Amino acid sequence: MPEGPNLVMLKENLLPFKGRRVTAASGYAKNVDPARLVGNTLKDIKTWGKHLLLIFEDFTLRIHQGLFGSYKINQPVKKKAALHLAFGDEQVNFSIVKVQVICEPLDKVYDWSADIMSKKWDEAKAIKKLQAKPKTMICDALLYQDVFAGSGNIIKTEALFRARIHPESYCGNIPTEKLKELSKEVIAFSREFLKYGKTHHLGQRLQAYDREECPRNHIPFHEKDTGKTKRRTFYCDACQLLYK
DNA sequence: GTGCATGTTACGAG
DNA sequence: ACTCGTAACATGCA
């Protein structure tokens, strides 16, 4: 159930394995031969958006959890894992993940400045990308990983509410200053997501997602599958302005 | 059993 | 060749 902040938490939880050697590996995930992983030392762990990057000497494992993905560290699993990695007496099991092996240098593959969780996040670049898609609804753009890598349906919904922008607004009709504000809300909320998500108190911080009514106006939220992505969005049309 | 969920990708139609 | 839309795919929980 991951958005960018969950990936950062996942990375932190895996840090004890950094510098250690894979002693056993298995799983039904395609695109990787588990036997080939055994004996390799986990050199580093990074994330890009919703990608977990396990960096070994000669290659990187890219792990994506999709909508239902989960993982367990040193805990029993009900079903056979998509990917099981053991590091001596400790282990991690990933369920419902897609795995890719990356052999190219990561800097060639990833634009770190598009990652909302990265120190290299570049707001100006994101605004340019939004303005290059004037006929795209902002609710869709907030899910485009090439613009906001790591943003998902919760971050989308919360950032729109906090910036007071209607999800069905078109990118080309939103003033630049407003797009900047939205971008800043994406980053600020993602930090909040990370901070409170760690202690499972994220729910208390959600102002719009899965909420019944607008905390500003105390009128019921609309709940609608918006945009081409048809993902549910909670919004208030009293305080979220439609740039039509 | 049913329906739904923090996501992406494959594929066919146009 | 591209873009669009829909289906497909995993599991767990109410």
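Quick caveat: nothing in here was measured; it's all calculated off a predicted structure. Within every chain, numbering begins at 1; the chains are lettered A, B, ... in the order of the sequence lines, protein sequences first and strands thereafter.
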Next item on the list: To the nearest Å, give me how far apart CG (A/Leu67) and C1' (B/dG7) are.
Entry: 5 Å
Margin query: Checking A/Phe17 against A/Ile73 for the side-chain contact (heavy atoms from CB on, under 4.5 Å) test, could you report, in this order, the C-alpha distance in whole Å, the side-chain angles of both residues, the deciding distance, and whether it holds?
Written below: CA-CA 10 Å; A/Phe17 298 127; A/Ile73 296 172; 3.9 Å; yes
Check: Quick one: ring-ring contact (aromatic ring centres under 6.0 Å, His included) partners of A/His64, sequence neighbours excluded?
Finding: A/His51
Notebook entry, point to check: Which residue pairs satisfy the salt bridge (Lys or Arg N to Asp or Glu O under 4.0 Å) criterion with at least one member in residues 115-139 of chain A, sequence neighbours excluded?
Noted result: A/Glu123-A/Lys184
Between N or O atoms, less than 3.5 Å apart, protein on one side and nucleotides 8-10 of chain B on the other: list the pairs.
residue: B/dT8; atom: OP1; partner: A/His64; partner atom: NE2; Å: 3.4
residue: B/dT8; atom: OP2; partner: A/Lys50; partner atom: NZ; Å: 3.1

Check: Rounding to a whole Å, what distance do you find between A/Phe68:CZ and B/dG3:P?
Finding: 15 Å
Check: First and last nucleotide of DNA chain C touching chain A, 5' to 3', heavy-atom cut-off 4.0 Å?
Finding: C/dG5 to C/dT11
Checklist line | Paired stretches of DNA chain C - 3 or more consecutive Watson-Crick or G-U pairs, each distance under 3.5 Å | finding: B:2-5 with C:11-14, B:7-14 with C:2-9
Item checked: Atom-pair distance (NZ on A/Lys156; C1' on B/dT6), nearest Å -> 11 Å
Next item on the list: Send over the distance from A/Asn6 CG to B/dA5 C1', rounded to a whole Å.
Entry: 13 Å
Check: Rounded to whole angstrom units, what separation is found between the CG atom of A/Asp225 and the P atom of B/dT6?
Finding: 9 Å
Note to self: For the P atoms, the ones on B/dC4 and on C/dA7, what distance do you get once it is rounded to whole angstrom?
What the structure shows: 15 Å
Check: Among pairs that include at least one residue of residues 187-196 of chain A, which meet side-chain hydrogen bond (donor to acceptor under 3.5 Å, both in side chains), considering only residues two or more places apart or in two chains?
Finding: A/Arg162-A/Glu192, A/Glu192-A/Arg205
Check: Does anything in residues 22-40 of chain A pair up under side-chain hydrogen bond (donor to acceptor under 3.5 Å, both in side chains), and if so which pairs, sequence neighbours excluded?
Finding: none
Item checked: Residues in salt bridge (charged side-chain N to carboxylate O under 4.0 Å, His left out) contact with A/Glu185, at least two apart in sequence or another chain -> none
Item checked: Test salt bridge (charged side-chain N to carboxylate O under 4.0 Å, His left out) applied to A/Lys180 - qualifying residues, sequence neighbours left out -> A/Glu177
Checklist line | Counterpart residues, ring-ring contact (aromatic ring centres under 6.0 Å, His included), relative to A/Phe234 (two or more places apart) | finding: A/Tyr209
Next item on the list: Could you tell me the separation between the CE atom of A/Met9 and the C1' atom of B/dT6, rounded to a whole number of Å?
Entry: 11 Å
Margin query: Which residue is it: A/His84, A/Lys79, A/Lys72? I am looking for the one with a side-chain hydrogen bond (donor to acceptor under 3.5 Å, both in side chains) to A/Asn93.
Written below: A/His84
Check: What residues, two or more places apart in sequence or in another chain, satisfy ring-ring contact (aromatic ring centres under 6.0 Å, His included) together with A/Tyr144?
Finding: none
Notebook entry, point to check: Which residues pass the salt bridge (charged side-chain N to carboxylate O under 4.0 Å, His left out) test with A/Asp44, sequence neighbours left out?
Noted result: A/Lys18
Next item on the list: Determine the contact category for A/Lys230: base if any of its heavy atoms lies under 4.0 Å from a base atom, sugar-phosphate if only primed atoms, P, OP1 or OP2 are that close, otherwise nothing.
Entry: sugar-phosphate
Notebook entry, point to check: Roughly, in whole Å, what's the span from CD1 in A/Ile63 to P in B/dG7?
Noted result: 18 Å
